[in-house]
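The block underneath contains the structure these notes are about, expressed in structure tokens.
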Amino acid sequence: MTMIARECALNSDIRILLVGDQNLGATGLHIVRNYFSDVTCVIWQRGDVDGEGSVRQRIGSQRWDLLLSFYNDLIFSGDELARTDIALNIHPASPRLRGVGYDTLPLLWGHSRYSATLHRITTEIDAGEIIDVMDAQMPDGLTHSQLRKLTQQQCLEMLDITCKAMHHFKSKQQLNQYLDSKAAQQSSGWSRRYMSRKRLQSILDELRCLQPDHSVFQ
């Protein structure tokens with residue numbers, strides 16, 4: 001990834017908690033620290049019960065100005081969200097793909113574009129106010145692994161662009177005003193349909209029986 005050069009000194013006025021996973025967490029932290037100096041990062045992998053407990057303990061250890069959930073499967077409770085003034089998530093898909101399946105459903109449903117969505121976090125999964133959507137043309141003949149890499153790269157780019165824009169603001173009030181203005185420009189809305197892991201697995205199991213060579217398995 002080509003990093004965007006900093007235009008001014010690091011922002012030290014906003015206290016940030018970055019929650020990521022083992023795939024992109026370290027790279028995401030590097031990006032955020034290009035723009036902000038007061039950054040705490042916790043990395044969690046789905047299924048790691050002990051790790052999840054440690055992450056939740058860290059979230060509850062103090063109050064945060066900004067929570068950045070990046071490429072992260074952790075679902076935040078209402079009490080945890082109440083400990084942060086601004087909570088944002090980068091969802092690795094368009095708003096019409098709520099839940100899981102960002103690297104499979106576009107292939108199954110013949111989408112022409114792949115996307116990443118920046119939105120506010122609420123207690124309802126993939127339902128908070130949409131602030132920005134980045135999308136790109138889907139190349140022909142993509143496999144699952146290729147789409148996954150493209151989407152990961154797109155999420156990193158969105159994180160970089162978002163932090164570059166946000167680091168100019170020296171107060172939470174200014175930052176919130178900026179986010180509100182970005183959200184007001186959005187015409188995209190969340191789909192009513194939510195894809196659970198159980199439902200997606202059922203779809204893939206059935207497809208594997210019918211088309212074991214499908215690109216979604218490559």
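Nothing here was measured: the structure is a model prediction, and the numbers come from that model.
- Nearest heavy-atom pair, Pro106 versus Met138, reported as atom, atom and distance to 0.1 Å: CB-CE, 3.4 Å.
- Taking a 4.5 Å side-chain heavy-atom cut-off between Ile, Leu, Val, Met, Phe, Trp and Tyr, the cluster of Trp190 extends to Ile130, Val133.
- Using a 4.0 Å cut-off between a side-chain N of Lys or Arg and a carboxylate O of Asp or Glu, Asp13 and Lys172 do not qualify as a salt bridge.
- Applying the 6.0 Å contact sphere to CZ of Arg199 captures no more than 12 heavy atoms from other residues, nucleotides or ligands.
- In this structure, Leu97 CG and Leu105 CG are separated by 5.5 Å, a value rounded to the nearest 0.5 Å.
- To the nearest 0.5 Å, the span separating OG on Ser77 from CZ on Arg83 amounts to 10.5 Å.
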Practice problem: Start with the C-alpha gap between Leu156 and Phe70, add the side-chain angles, then the distance that decides, and say whether side chain to side chain contact (heavy atoms under 4.5 Å, CB included) holds. | Solution: CA-CA 9 Å; Leu156 290 167; Phe70 177 67; 3.6 Å; yes
Side-chain polar contacts of residues 204-211 - donor-acceptor pairs under 3.5 angstrom, sequence neighbours left out - could you list them?
from: Asp205; atom 1: OD1; to: Gln201; atom 2: NE2; distance (Å): 2.8

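- Under the 4.5 Å side-chain heavy-atom criterion for grouping Ile, Leu, Val, Met, Phe, Trp and Tyr, Ile131 is connected to Tyr102 within one hydrophobic cluster.
- Between the CE atom of Met158 and the OG1 atom of Thr151 there is a distance of 12.0 Å, given to the nearest 0.5 Å.
- The minimum heavy-atom distance linking His119 with Asp126 is given by the pair NE2-OD1, 3.9 Å.
- Note that CG of Asn11 and OG of Ser37 are 7.0 Å apart. Values are rounded to the nearest 0.5 Å.
- Of all heavy-atom pairs spanning Asp132 and Lys182, the tightest one is OD2-NZ, 3.8 Å.
- The side-chain heavy atoms of Thr84 and Arg63, taken from C-beta on, include no pair separated by under 4.5 Å.
- Hydrophobic clustering (ILVMFWY, side-chain heavy atoms < 4.5 Å, transitive): Ile90 and Leu147 are in distinct clusters.
- Leu74 belongs to a hydrophobic cluster whose remaining members, ordered by chain and number, are Leu17, Val19, Val42, Trp44, Val55, Ile59, Trp64, Leu67, Phe76, Leu81, Ile121; membership requires side-chain heavy atoms of ILVMFWY residues under 4.5 Å apart, directly or through intermediates.
- Between Cys155 atom SG and Leu150 atom CG the span is 11.0 Å, to the nearest 0.5 Å.
- Arg120 is linked by a side chain to side chain donor-acceptor pair (under 3.5 Å) to Glu129, Asn176, Asp180, counting only residues two or more places apart in sequence or in another chain.
- Cluster membership for Leu179 and Leu68, using ILVMFWY side-chain heavy atoms within less than 4.5 angstrom, is shared.
- With a 4.5 Å cut-off on side-chain heavy atoms, Arg58 and Thr40 count as touching.
- Both Val216 and Met195 sit in one connected hydrophobic cluster of ILVMFWY residues. Membership requires side-chain heavy atoms under 4.5 Å apart, directly or through other members.
- In this structure, Thr117 OG1 and Arg98 CZ are separated by 12.0 Å, a value rounded to the nearest 0.5 Å.
- A single hydrophobic cluster is seen to contain both Val32 and Ile161, as judged by linkage of ILVMFWY side chains at heavy-atom distances under 4.5 Å, directly or through other members.
- We find that Asp103 and Arg148 are joined by a salt bridge, their nearest charged nitrogen and carboxylate oxygen being less than 4.0 Å apart.
- Between Gly25 and Leu18, the shortest heavy-atom contact is O-CD2, 4.4 Å.
- When side chains are defined from C-beta on, Asn72 does not count as touching Asp21, because their heavy atoms never get closer than 4.5 Å.
- Across all their heavy atoms, Leu200 and Gly101 have their closest contact at CD2-CA, 3.7 Å.
- The aromatic rings of Phe36 and His167 lie perpendicular to each other, with more than 60° between the two planes, well past the 30° mark.
- Surrounding CD of Gln185 are more than 12 heavy atoms belonging to other residues, nucleotides or ligands, all under 6.0 Å away.
- Ion pairing between Asp73 and Arg197 holds under the 4.0 Å rule for side-chain N and carboxylate O.
- Shown here are the side chain to side chain contact (heavy atoms under 4.5 Å, CB included) partners of Phe169, two or more places apart in sequence or in another chain: Gln174, Leu175, Tyr178.
- Checking side-chain atoms of Asp65 against main-chain N and O of Arg15 turns up a donor-acceptor pair under 3.5 Å.
- Contact between Thr122 and Gly128 at its shortest, heavy atoms only, is CG2-CA, 3.8 Å.
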With a cut-off of 3.5 Å and sequence neighbours excluded, list every side-chain donor-acceptor pair involving residues 107-116.
from: Arg113; atom 1: NE; to: Asp135; atom 2: OD2; distance (Å): 3.2
from: Arg113; atom 1: NH1; to: Gln137; atom 2: OE1; distance (Å): 3.1

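- Looking at heavy atoms from C-beta onward, Thr143 lies out of side-chain contact with Phe217 at the 4.5 angstrom threshold.
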